[in-house]
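Chain identifiers are assigned alphabetically (A, B, ...) following the order of the sequence lines, protein sequences preceding nucleic acid strands; residue numbering begins at 1 within each chain.
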There are 2 protein chains.
Amino acid sequence: MSEVESFFKSAFSVDNVIFGFDGGDLKVLLIQRGAAPYKGKWALPGDLVYPNEDLDTAAERVLEQLTGLRGVYLEQVKAFGAVDRHPLGRVITIAYFSLIKISDYTVTPASFAQSAKWHAVNKVVELAFDHNEILDSCLRRLRRKVRMTPIGFELLPPKFTLTELQHLYEAILIQPKDKKGKNGNKGIDKRNFRKKILSTNLLHDLNEVQEGVAHRPAKLYQFDRSKYEQLVAEGYSFDI
Amino acid sequence: MSEVESFFKSAFSVDNVIFGFDGGDLKVLLIQRGAAPYKGKWALPGDLVYPNEDLDTAAERVLEQLTGLRGVYLEQVKAFGAVDRHPLGRVITIAYFSLIKISDYTVTPASFAQSAKWHAVNKVVELAFDHNEILDSCLRRLRRKVRMTPIGFELLPPKFTLTELQHLYEAILIQPKDKKGKNGNKGIDKRNFRKKILSTNLLHDLNEVQEGVAHRPAKLYQFDRSKYEQLVAEGYSFDI
DNA sequence: CAAGCTTATTGTTTTTTTTACACCAAACCC
DNA sequence: GGGTTTGGTGTAAAAAAAACAATAAGCTTG
């Protein structure tokens, strides 16, 4: 390792916690490492930052190389820099999380040989490096942020039902506390949730309904981003 | 610059926004740079991270070298890594903020030749590098955090009055919006503030009063940290 | 096509939290 | 002892949050 170490003295990287929602669980996109260290382990997608590249740009690049997506929600969380966090040298990493519509991600583009796969965040295994810790930080950040800003919609298709939206909030906010038995996590009250979310006036009723469901079809809504931005300019603050 | 540039390729630093409270204004401790770049400009205290030093440790070191203080409140905020943020090379910096009791900071210890000085956060001038942006981020973080966790007490002496505590919250939370004229920033209602803060039961009434004031002396209180930690263990969440 | 199944939709009441608001008390100064 | 200054207190109205259950709409099945 020593000749590697002398070459590879100090560097910085970005790691990206890419969240998605499949209607039931909150998921995170992980890659299986094809090379040492931690070969075979699941890890967050990430890369070293290029010498002339901003941190945000590097995070966008990692995201695009893996998913082909651009212009999606991306937020820096914090830096992780424990001396021994990387076995081959001093590498501090800047953690980001991004929110994508899971249906926009099809299969791994050709450019990435590694196998990438969605994992339910509640069932994530042991990851490479300090990536479990990074994931935890990003998840906590998401839990806080999703109640203060309307970023939840980034995880849903453009048209969605109120039930889907509620399930999204439940998947993000309700953590499995008690292992089993009667836990206090009842879920969100349906009537109160709908009342609250509709009272923001940020959902546009499309006058369309679901199709192909074996029960009463639900109405479809769309998030009205321009209205939100206008309200923010007037001092409005989203809060769910 | 080119020979410097080739030597000084890429590095990381920490910068520390050290907050204090003098009874009236929220302050930040700045140093005046004694060397290029930005010689003579005010800047946040910071330093390069040593090769075998954790990021948190580096931030603690910067704080201790400047103030002589250890074991004070310190929190990482985020990384700043624009390509051109440092004129001499690629340096990304990890921003921290810390909260100290302003009376614990006497004068610059001998180890630091630079002149360090408290500046009211509302009147901070143009700083070196991207330090204004870093300060803004840390201030926003403090504003959010001070309402969610009882960190405000870190800025007050061990014994304080409710009026002092209220002034602290006002100094942190009320931002001077409208330049002049009738702004909407009325300040916090005294009765409601006292009701709310006392209802947490986290303030211990010391049965002592102020001395040497030319008016009715106020009662002194102390923050009960052990009670807070016990309540947190039971699921309590501070909220002001 | 009727009965049954599944999910969607809706309103009221109670409780809790937040806001608004004004007067007397205590110490010092002169 | 009267004036000045800051400390300390309660109540009522408004707003927000929480608790709670019956009917509606479409599909499936017999």
Would you mind telling me which of [options] lies closest to the side-chain atoms of [X]?
X: B:R191; options: C:dA22, C:dG11, D:dG7; result: C:dA22
X: B:R216; options: C:dT9, D:dG8, C:dC28; result: D:dG8
X: B:P217; options: C:dT18, C:dA27, C:dT10; result: C:dA27
X: A:T163; options: D:dT9, D:dT6, C:dA8; result: C:dA8

Roughly, in whole Å, what's the span from [atom1] in [X] to [atom2] in [N]?
X: B:D239; N: C:dT18; atom1: CG; atom2: C1'; answer: 12 Å
X: A:D205; N: C:dT9; atom1: CG; atom2: C1'; answer: 12 Å
X: B:L162; N: D:dG8; atom1: CG; atom2: C1'; answer: 9 Å
X: B:L220; N: C:dA27; atom1: CG; atom2: P; answer: 13 Å
X: B:D189; N: D:dG10; atom1: CG; atom2: P; answer: 15 Å
X: A:I197; N: D:dA17; atom1: CD1; atom2: P; answer: 13 Å
X: A:L165; N: C:dA8; atom1: CG; atom2: P; answer: 13 Å

Looking at every strand, decide which applies to [X] at a 4.0 Å heavy-atom threshold: base, sugar-phosphate, or nothing.
X: A:T161; answer: nothing
X: B:K195; answer: base
X: B:V213; answer: sugar-phosphate

Check your understanding: Does OP1 or OP2 of D:dT9 have a side-chain N or O of B:R194 closer than 4.0 Å?
Key -> no

Practice item. Give the ring-plane orientation class for A:F223 versus A:F153, where under 30° counts as parallel, over 60° as perpendicular and anything between as tilted. Key: parallel

Check your understanding: Using 30° and 60° as the class limits, which term best fits the ring planes of A:F129 and A:H131: parallel, tilted or perpendicular?
Key -> tilted

Practice item. Determine the sole option in A:F19, A:W118, A:F21 for which the ring-ring contact (aromatic ring centres under 6.0 Å, His included) test with A:Y105 is passed. Key: A:W118

Practice item. Starting from the 5' end of DNA chain D, give me the residue, A:N192 or B:Q210, whose nearest nucleotide shows up first. Key: B:Q210

Practice item. Starting from the 5' end of DNA chain D, give me the residue, A:K190 or A:H215, whose nearest nucleotide shows up first. Key: A:K190

Review point. Between B:K145 and B:E75, does at least one N-O distance fall below 4.0 Å, as a salt bridge requires?
Key: yes

Check your understanding: So, is the end of the B:K78 side chain (NZ or CZ) under 6.0 Å from the ring centre of B:F80 and within 45° of the ring's axis?
Key -> yes

